[in-house]
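Notes to accompany the following structure.
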Amino acid sequence: MNIPEPSNFIQEIIVNDLKTGKRSSVHTRFPPEPNGYLHIGHAKSICLNFATAKKFDGLTNLRFDDTNPTKEEIEYVDSIREDVSWLGFDWGDREYYASDYYEQIYDFAEQLILKGHAYVCELKGEAVSAHRGTHTEPGKNSPWRDRPVAESLDLFRRMRAGEFEEGSCFLRAKIDMAHPNMNMRDPAVYRIKKASHHRTGDKWCIYPMYDFAHPLSDWIEQITHSICTLEFEAHRPLYDWFLEALELKNRPQQIEFARLNLTYTMMSKRRLLELVQNNVVMGWSDPRMPTLSGLRRRGYSPSSIREFCDRIGVAKADSMVDINLLYFCIREELNATAQRAMAVLDPIKVVIDNWEEGRFEEIEVENNPGDLSQGTRQILFGRELYIERDDFMEEPPKKYFRLRPDGEVRLKGAYFVKCVRVDKDAEGNILEIHCTYDPASRGGESPDGRKVKGTIQWVSVPHAVNAEVRLFNHLFTVEDPANTPEDKVWLDFLNPNSMLTCQAKLEPMMAQATMSDRYQFMRLGYFCLDSEKSKEGGLVFNRTVELKDSWAKAQPK
RNA sequence: UGAGCUAUGGUGUAAUGGUAGCACAACAGACUCUGAAUCUGUUUGUCUUGGUUCGAAUCCAGGUAGCUCAACCA
């Protein structure tokens with residue numbers, strides 16, 4: 001095999017293993033626990049595992065790490081399968097479950113006892129932690145530590161048979177109660193849990209701990225490089241210890257990398273669950289959630305997320321990625337592919353005084369000015385139009401080049417219009433803006449060579465399609481909501497304006513919008529139909545991301 | 001206050017003893033029938049102190065800062 005150039009530290013390890021002959025192939029796994037929905041942080045891990053294996057001609061397994069029946073549910077299994085697949089990865093027939101290995105893992109536990117490496121301990125609750133010691137003090141041996149092998153074996157079998165209550169005893173590895181690494185102070189191997197498992201039902205009442213099940217699952221699947229996040233670093237000695245104690249050959253190697261943190265985003269599964277349970281958001285797939293299902297509903301493509309994961313790189317140092325990079329990745333793709341459409345989110349009426357009532361004209365506009373192969377479409381133009389309220393100002397600041405009294409702008413694809421009058425109500429609110437158009441400027445160019453600085457979008461009043469449009473913003477008001485001042489809690493930083501809804505006017509073709517299409521509402525942003533609302537037949541659009549807006553940014557708040 | 005890990009512009013990531021580069025962000029300008037896109041340019045960096053070396057972001061030692069670890073969670 002031609003060994004490719006490494007592009008991160010994990011690939012360096014792999015290249016080295018291949019060159020020295022420690023390994024002859026690469027096999028990775030993505031091992032989610034089915035206790036929540038996958039988020040963009042998991043996407044980093046998924047891309048890393050699948051892309052790394054692929055680069056070295058290897059395979060990746062999908063393995064559910066389902067060793068805690070009280071937290072895991074089939075709903076989560078289904079969502080994870082859907083999300084990994086949607087992201088664009090194929091695990092073939094290698095869909096595995098730690099629970100598939102329960103019998104084997106149990107046998108390994110018996111072997112551990114037989115080899116004198118594990119014992120059944122009858123210490124309860126607080127007594128266990130009291131014996132464990134602290135960071136600065138060594139622990140004390142359990143009184144059950146040196147009980148005969150035969151006795152532990154008998155007890156362990158009776159644990160399996162259901163003879164004991166939860167918490168009355170547990171199986172621990174016999175390592176070293178004075179070890180500086182707390183994970184090595186006789187850690188739990190098996191505990192009693194009289195709970196139904198989503199796959200094995202009531203077959204088992206004892207379940208293996210992660211630290212035991214994980215290295216064995218990796219070994220059973222002959223994983224070569226077991227990639228996980230940094231918090232498992234201190235568990236690696238234990239991972240290696242179990243494999244060594246059981247004298248297994250071809251042992252997998254655990255490698256840790258820094259998990260993804262994103263500004264203005266919360267990545268903790270527990271807290272995301274809290275948002276869902278407290279109805280702060282509309283479920284796991286709320287478009288404001290960093291879940292893959294949320295991003296999907298928001299309009300993100302799998303390729304944009306893969307591109308993002310590729311760009312953020314992999315390292316061991318904790319980091320906080322600027323969410324603008326994610327925005328950049330989706331804009332870059334949608335700019336090239338999205339169908340342009342004219343939409344007005346906050347409409348105000350314009351009347352073209354010198355255009356006859358009842359007369360309409362077909363205007364041809366490009367579907368994507370940056371890619372003429374995407375063709376053109378016809379839109380009817382008439383006397384009454386909607387434009388964006390923002391696009392007119394009676395007393396504009398300097399460098400404002402949209403519509404103003406006596407000012408001229410181009411209506412996209414149509415004509416130059418000049419504002420001649422503004423109608424207001426008694427309170428001074430603008431009711432209508434009156435303009436005149438220049439017939440010679442049809443198509444948006446004037447034969448006299450006159451230039452206008454501003455081009456704005458418009459929607460014909462009698463042809464406008466009504467739709468609800470939802471504008472999403474950060475869910476949190478601070479960059480790092482997980483790390484808040486002492487007198488505050490993370491929920492204090494929820495953004496009250498994370499979803500704003502408006503009643504918009506759209507050009508006629510949007511009545512036929514489809515779920516699979518992505519649209520750029522010109523000068524506003526990228527939008528897609530909401531998957532939930534469109535099931536109910538409603539025309540509801542989600543804003544995926546705004547267009548960059550250097551004008552808005554330059555304006556004082 | 002024990003152990004482990006980490007430290008490169010605002011952010012993320014390269015450079016593997018030999019010119020500190022790329023991307024995002026920011027800023028300025030050009031262009032523009034999207035104040036978008038595109039193009040050009042600019043600002044900003046090796047945590048610190050020593051040592052080894054002709055030469056150190058890289059190797060060594062001390063310091064500093066951050067993260068992780070005392071579930072019968074994963």
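Since the structure is predicted, the reported quantities are computational estimates derived from the model, not experimental observations. All chains are named by letter (A, B, ...) in the order of the sequence lines, taking the proteins before the strands, and each is independently numbered beginning at 1.
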Hey, is the side chain of [X] poking within less than 4.0 Å of OP1 or OP2 on [N], counting only N and O atoms?
X        : N     : result
A/Arg523 : B/G35 : yes
A/Thr455 : B/U32 : no
A/Lys548 : B/U34 : no

Taking the six-membered ring for Trp, are the ring centroids of A/His198 and A/Tyr76 within less than 6.0 Å of each other?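 Between A/His198 and A/Tyr76, the centre distance exceeds or equals 6.0 Å.
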Taking the six-membered ring for Trp, are A/Phe156 and A/Tyr119 closer than 6.0 Å centroid to centroid?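 No - the distance between ring centres of A/Phe156 and A/Tyr119 does not fall below the 6.0 Å cut-off.
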State, with a plain yes or no, whether a side-chain heavy atom of A/Tyr190 is found less than 4.5 Å away from one of A/Met209. no
Do A/Arg29 and A/Pro252 have side-chain heavy atoms sitting under 4.5 Å apart? no
For the residue pair A/Tyr519 and A/Phe541, categorise the inter-ring angle as parallel (less than 30°), tilted (30 to 60°) or perpendicular (more than 60°).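 Answer is perpendicular, since the angle exceeds 60°.
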Pairs meeting criterion salt bridge (charged side-chain N to carboxylate O under 4.0 Å, His left out) with involvement of residues 177-193 of chain A, two or more places apart: A/Arg145-A/Asp186
Using atom [atom1] of [X] as one end and atom [atom2] of [N] as the other, report the distance to the nearest whole Å.
X        : N     : atom1 : atom2 : answer
A/Phe401 : B/U34 : CZ    : C1'   : 11 Å
A/Met393 : B/G35 : CE    : C1'   : 14 Å
A/Asp390 : B/A36 : CG    : C1'   : 16 Å

Check nucleotides 71-74 of chain B against the protein and report each pair of N or O atoms closer than 3.5 Å, with its distance, or say if there are none.
unit_1	atom_1	unit_2	atom_2	d
B/C72	OP1	A/Arg132	NH2	3.4
B/C72	OP2	A/Arg132	NH1	3.3
B/C72	OP2	A/Arg132	NH2	3.4
B/C72	N4	A/Leu123	O	3.0
B/C72	N4	A/Gly167	O	3.1
B/C73	OP2	A/Arg191	NE	2.6
B/C73	OP2	A/Arg191	NH2	2.6
B/C73	O3'	A/Arg191	NH2	3.1
B/C73	O2'	A/Asn68	ND2	2.9
B/A74	OP1	A/Thr67	O	3.4
B/A74	OP1	A/Thr67	OG1	2.7
B/A74	OP1	A/Arg191	NH1	3.4
B/A74	OP1	A/Arg191	NH2	3.0
B/A74	OP2	A/Tyr210	N	2.9
B/A74	O3'	A/Asp65	OD2	3.3
B/A74	N6	A/His235	NE2	3.2

Sugar-phosphate atoms are those with a prime plus P, OP1 and OP2; base atoms are the rest. Using that split, label each nucleotide of nucleotides 1-8 of chain B B, S or - for protein heavy atoms under 4.0 Å, 5' to 3'. SBS-SSS-
Pairs where residues 254-265 of chain A contributes a residue and the test side-chain hydrogen bond (donor to acceptor under 3.5 Å, both in side chains) is met, not counting sequence neighbours: A/Glu231-A/Arg259, A/Arg236-A/Glu256, A/Gln254-A/Glu256
What are the residues of residues 326-347 of chain A, sorted by number, that bring a heavy atom to within less than 4.0 Å of RNA chain B?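 Result for residues 326-347 of chain A: A/Phe328, A/Asn335, A/Arg340, sorted by number.
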Does A/Arg199 make a cation-pi contact with A/Tyr97, if we ask for NZ or CZ under 6.0 Å from the ring centre and within 45° of the axis?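 Flagged: A/Arg199 positioned over aromatic ring of A/Tyr97.
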Have a look at [X] and say if it touches a base, only the backbone sugar-phosphate, or nothing, with a 4.0 Å heavy-atom cut-off.
X        : value
A/Glu137 : nothing
A/Ser550 : sugar-phosphate
A/Lys412 : base

Chi class for B/A37: syn within 90° of 0, otherwise anti: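 Anti.
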Strand RNA chain B in bracket notation, Watson-Crick/G-U under 3.5 Å with | for pairs to another chain: .((((((..((((....[..)))).(((((.......)))))....(((((..]....))))))))))).....
